[in-house]
Amino acid sequence: MADPFLYNTGERSNYGCLGHEVQIEYLKAYICRPSFSTDKAVIVAHDVFGWQFSDIRYIVDLIAGHGYIAICPDFFKGTAPWTSTDHWPDFPDWLKNHDPTKVDKEADVVLKYLKEQCGAKKIGIVGFSWGGMAVHHLMLKNPQLTAGVSLYGIIRDSEERYRLLNPTFFIFGEKDHTISLDQIFLLEDKLKQYCKVPYKIKVYPGQVHGFAQLKPEDMKPDDKPYIEEARRDMIDWIKMFV
């Protein structure tokens, strides 16, 4: 299996986080709050590299900067994330123990915390890769989530995967070899048939898997406009519905 993460995850600049870690029942989480009081929150579902990956913490801080309580729980529940030194032939076995469609309990724990401890009344979710699949799943199952953004992650093996409960935005890279353009066209066609809520699909030219979560100093110059556009689009979708 080819490495789908074409940005070298072993070469990342250090990042000084703006938020802090909290314990929520059996889950650890990274949370960042805006500089003012708000009753709006966004859950960030991490990719295979886990809740401590600096790119994901940067995204949490970015969303908080737009006025949301932003939180990334450890959906892996303390088990080891995938690392850049792991071997891709082992990935299917790793994924069996880290199923992105088995996140309902963790989502409920975080939703309860946001409502009871943070005063959140409207809560959205965004997710990247593995987390994008988790978002797609949760937007089919959990009506408490007001809106979702799935970045390069989709559920492929459920007949019910087009019956979204609330507005959902799907972001893809044109050159993502883990999700073909044919799969994206199928998703669009089926959503037109079955989806009863607002949805959006957008493909960003020339972009590979993992493109939208890079910190500014790790971006390639040719990709920067598309990365920034994807982030603006993500935030605009959240602002529209959350």
Side-chain angles (χ1 to χ4, degrees), residues 1-9 44-49 53 55-56 59 75 81-82 84 86-103 125-141 147-164 167-195 197-214 218-220 222-234 237:
M1 179 178 175
D3 183 346
F5 301 94
L6 299 183
Y7 280 97
N8 186 344
T9 52
V44 177
H46 54 72
D47 61 12
V48 295
F49 299 111
F53 188 35
D55 288 12
I56 290 296
I59 293 292
F75 281 106
W82 189 256
S84 57
D86 288 331
H87 300 290
W88 283 106
D90 300 331
F91 186 72
D93 285 336
W94 179 89
L95 196 59
K96 285 176 190 171
N97 297 312
H98 300 81
D99 187 339
T101 67
K102 293 183 176 163
V103 293
I125 186 167
V126 305
F128 298 80
S129 185
W130 184 97
M133 290 188 277
V135 167
H136 188 177
H137 168 76
L138 288 167
M139 295 310 293
L140 298 166
K141 302 290 184 184
V149 183
S150 167
L151 295 97
Y152 30 86
I154 52 173
I155 302 298
R156 308 172 202 234
D157 54 1
S158 163
E159 287 303 310
E160 297 296 310
R161 65 189 183 272
Y162 308 113
R163 302 182 190 278
L164 300 164
T168 307
F169 179 23
F170 295 91
I171 286 174
F172 300 104
E174 180 193 23
K175 293 186 176 176
D176 184 338
H177 66 279
T178 71
I179 301 173
S180 69
L181 290 174
D182 284 345
Q183 288 173 315
I184 297 171
F185 296 147
L186 175 65
L187 176 67
E188 190 160 28
D189 184 53
K190 295 292 187 180
L191 287 174
K192 281 178 187 171
Q193 290 182 54
Y194 298 112
C195 188
V197 298
Y199 67 87
K200 182 179 179 181
I201 294 172
K202 187 168 178 178
V203 180
Y204 295 77
Q207 298 309 295
V208 299
H209 194 85
F211 79 97
Q213 64 214 66
L214 289 168
D218 296 322
M219 296 176 189
K220 296 170 184 172
D222 289 349
D223 296 332
K224 187 175 180 182
Y226 298 110
I227 295 169
E228 292 177 344
E229 181 183 354
R231 286 188 185 155
R232 281 195 305 273
D233 292 344
M234 174 185 76
W237 187 263

Discussion item. Run the salt bridge (charged side-chain N to carboxylate O under 4.0 Å, His left out) test against Asp93 and tell me which residues pass, sequence neighbours left out.
Written reply: Lys96
Practice prompt. Mind listing the closest non-hydrogen atom pair of Trp130 and Leu95 along with its distance?
Written response: CD1-CD1, 3.8 Å
Worksheet item: If you take all heavy atoms of Arg231 and Gln213, which pair is closest and at what distance?
Response: NH2-C, 3.1 Å
Discussion item. Which heavy atom of Gly148 sits nearest to which heavy atom of Trp237, and what is that distance?
Written reply: O-NE1, 3.3 Å
Fill in: Side chains of Phe211 and Ile171 in contact at under 4.5 Å (non-hydrogen atoms)
yes
Worksheet item: Can you check side-chain contact (heavy atoms from CB on, under 4.5 Å) on Asp189 and Phe185, steps first, answer last?
Response: CA-CA 6 Å; Asp189 184 53; Phe185 296 147; over 6 Å; no
Item to complete: Could you pull out all residues at least two apart from Asp86 that satisfy side-chain contact (heavy atoms from CB on, under 4.5 Å)?
Response: Trp82, Thr83
Fill in: CA sep, side-chain torsions, deciding dist, call: Arg156, Gln183, side-chain contact (heavy atoms from CB on, under 4.5 Å)
CA-CA 9 Å; Arg156 308 172 202 234; Gln183 288 173 315; 2.7 Å; yes
Worksheet item: Does any non-hydrogen side-chain atom of Ile201 lie less than 4.5 Å from one of Leu187?
Response: yes
Item to complete: Write down the atom of Gly210, the atom of Leu214, and the distance for their closest heavy-atom approach.
Response: O-CG, 4.4 Å
Discussion item. For Trp88 and Phe91, take the angle between the two ring planes, folded into 0 to 90°, and tell me which bin it lands in: parallel under 30, tilted 30 to 60, perpendicular over 60.
Written reply: tilted
Discussion item. Going by side-chain hydrogen bond (donor to acceptor under 3.5 Å, both in side chains), name the residues that satisfy it together with His136, two or more places apart in sequence or in a different chain.
Written reply: none
Discussion item. Between Asp176 and Thr178, is there a side-chain donor-acceptor contact under 3.5 Å, judged purely by atom types and distance?
Written reply: yes
Worksheet item: Quick check: does any side chain N or O of His98 sit under 3.5 Å from a backbone N or O of Trp94, one acting as donor and the other as acceptor?
Response: yes
Item to complete: Could I get the full list of ring-ring contact (aromatic ring centres under 6.0 Å, His included) partners for Phe172, not counting sequence neighbours?
Response: none
Item to complete: Rounded to the nearest 0.5 Å, what's the gap from CG on Leu151 to NE2 on His209? Could you check?
Response: 10.0 Å
Item to complete: Look up atom CG in Leu186 and atom CG in Leu181, then write down how far apart they are to the nearest 0.5 Å.
Response: 12.5 Å
Worksheet entry | For Glu229, side-chain contact (heavy atoms from CB on, under 4.5 Å) partners two or more places apart | Lys202, Tyr204, Tyr226, Arg232, Asp233
Worksheet entry | More than 12 heavy atoms of other groups within 6.0 Å of Lys141 NZ | no
Worksheet entry | salt bridge (charged side-chain N to carboxylate O under 4.0 Å, His left out) partners for Arg163, two or more places apart | Glu160
Item to complete: Please name the pair of heavy atoms, one in Phe170 and one in Leu164, separated by the smallest distance, quoted to 0.1 Å.
Response: CE1-CD1, 4.1 Å
Item to complete: State which residues pass ring-ring contact (aromatic ring centres under 6.0 Å, His included) with Phe128; sequence neighbours excluded, sorted by chain then number.
Response: none
Worksheet item: Out of curiosity, Thr168 OG1 to Met139 CE, how far, rounded to the nearest 0.5 Å?
Response: 3.5 Å
Practice prompt. With side-chain contact (heavy atoms from CB on, under 4.5 Å) as the test, would you mind laying out the steps for Gln207 and Ile227 before giving the verdict?
Written response: CA-CA 8 Å; Gln207 298 309 295; Ile227 295 169; 4.2 Å; yes
Worksheet item: Rounded to the nearest 0.5 Å, how far apart are CG of Asp47 and CD1 of Ile56?
Response: 4.5 Å
Worksheet entry | Glu174 side-chain N/O to Pro205 backbone N/O, donor-acceptor pair under 3.5 Å | no
Item to complete: Given side-chain contact (heavy atoms from CB on, under 4.5 Å), test Ser150 with Met133 step by step and report yes or no.
Response: CA-CA 7 Å; Ser150 167; Met133 290 188 277; over 6 Å; no
Worksheet entry | With sequence neighbours excluded, residues passing side-chain contact (heavy atoms from CB on, under 4.5 Å) with Lys192 | Glu188, Tyr199
Response to the item:
Hits for side-chain contact (heavy atoms from CB on, under 4.5 Å) against Lys102, two or more places apart or cross-chain, chain-then-number order -> Asp99
Response to the item:
Taking every heavy atom of Gly127 against every heavy atom of Val135, the minimum-distance pair comes out as N-CG2, 3.3 Å
Worksheet item: With distance as the sole test, does His46 use its side chain to make a donor-acceptor pair with the main-chain N or O of Phe75 at under 3.5 Å?
Response: yes
